[in-house]
> 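Have a look at this one.
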Amino acid sequence: MNKSEKFVITINRELGSGGRTVGRLLAEKLGVPFYDKAVIKALQEKYNLTVDEIERLKGRKHGWWADMERIIRIDAGVSMEYYLPQNSDAPDLLTTDEMFKTETLILQDLAVEKSCVVAGRSGFHIFRYHPNHLSILIQASLEYRVNRLARKQNISEDEARKIIDKVDKMRENYVKKYTGTSRYDTRNYQLVIAADGKTEEEIADVILQYIG
C-alpha cells in the first residue's frame, strides 16, 4: 500500500480484540476518516439512503459526494454508541440484500473521495479490487477477548463469553452470506495481528511500521 496516494485500509476484527479502537487510532495517526458500522447505519437511517437514492444523487450534474457532504456533513462526524447485541436482538442477521448493496455503495464512494480506514462491513471483500488497499485481520485468544469485553462493559466473564459466541456466529454468517467466504480465511488479508499482550496503540504502530 502506498500512503502517498489515495488508499483504503480495511480492518476485520474479533469482538474483544480491540480492533475497532485500533482502526480509530490508526485513522487519527494517518489523518484520514474512520468509518464503521455505526457511521454507515447512522447515514442509512438518518438520511433514508437506499440504492435508488444514491443512484439518483449520482445522476445529478454536480458530483455525488458534493451532494452527500452537503446533506450529511460527514466531516463533522456521525457519532453513535458502540453497539453490542442484547437478548434476542441480532442486527447482522436482519441485514437485507438491499441494505448490503447500500452499505457497499456508500463505502465505495466514500473511498473514491478520500483515503480512509474502514472497520468491519466486509471491507476486505468490498475493496478487494481497489488498487491501493491494505486488508487487516485483528484476532486474540478467547481468554483475552473475554477479559477485555467484561472489563470494558462491566459485565461478568460468563456474560462476555456468551456475547462473544453470539457475535462471532452472527458476523461469520453475515460474511459468508454476502461474500461467499469466511472472515477467518487468512487469504483475505495482507496482515494478520494477534492482539494478546499488545495495547491498541501498539497495534496501530505495528500497522504504521508495516505500511512504512
> Give me the atom names and distance for the closest heavy-atom approach of Ser135 to Asn188.
OG-O, 3.0 Å

> Can you list the steps and then say if Arg183 with Tyr174 is a side-chain contact (heavy atoms from CB on, under 4.5 Å)?
CA-CA 9 Å; Arg183 71 191 186 109; Tyr174 177 93; over 6 Å; no

> Any ion pair linking Arg145 and Asp168 (charged N to carboxylate O, less than 4.0 Å)?
yes

> Find the distance between OG1 (Thr186) and CG (Leu137) and round it off to the nearest 0.5 Å.
8.5 Å

> Of the non-hydrogen atoms in Gln190 and Tyr210, which two are nearest, and what is the gap between them?
O-OH, 3.5 Å

> Among Arg148, Arg24, Arg13, exactly one meets salt bridge (Lys or Arg N to Asp or Glu O under 4.0 Å) together with Glu200. Which residue is that?
Arg148

> Is the backbone N or O of Glu143 less than 3.5 Å from a side-chain atom of Asn147, with the two atoms forming a donor-acceptor pair by type?
yes

> Applying the 4.5 Å side-chain criterion to the ILVMFWY set and letting contacts propagate, would Val206 and Leu30 be lumped into a single cluster?
yes

> Verify side-chain contact (heavy atoms from CB on, under 4.5 Å) between Leu134 and Phe7, making sure each step is shown before the conclusion.
CA-CA 8 Å; Leu134 173 63; Phe7 63 81; over 6 Å; no

> How long is the gap from CD1 on Ile11 to CD1 on Ile207, to the nearest 0.5 Å?
4.5 Å

> On a heavy-atom basis, which atom in Pro33 and which in Ala27 lie closest, and how many Å separate them?
O-CB, 4.0 Å

> Can you tell me how far apart CZ (Arg161) and CG (Asp165) are? Round to the nearest 0.5 Å.
10.0 Å

> Does the pair Lys162/Asp158 count as a salt bridge with the N-to-O cut at 4.0 Å?
yes

> Quick one: does Asp196's side chain have a donor or acceptor within less than 3.5 Å of a partner on Ser141's backbone?
yes

> Step through the shown structure and confirm whether more than 12 heavy atoms of other residues, nucleotides or ligands are within 6.0 Å of CD on Glu202.
yes

> Would you call Phe100 and Lys177 a side-chain contact if the rule is heavy atoms closer than 4.5 Å?
no

> Exactly one of Ile136, Thr179, Asp185 should register a side-chain contact (heavy atoms from CB on, under 4.5 Å) with Phe124. Which one does?
Thr179

> Do Lys29 and Glu201 meet the salt-bridge criterion of a basic N to acidic O distance under 4.0 Å?
yes

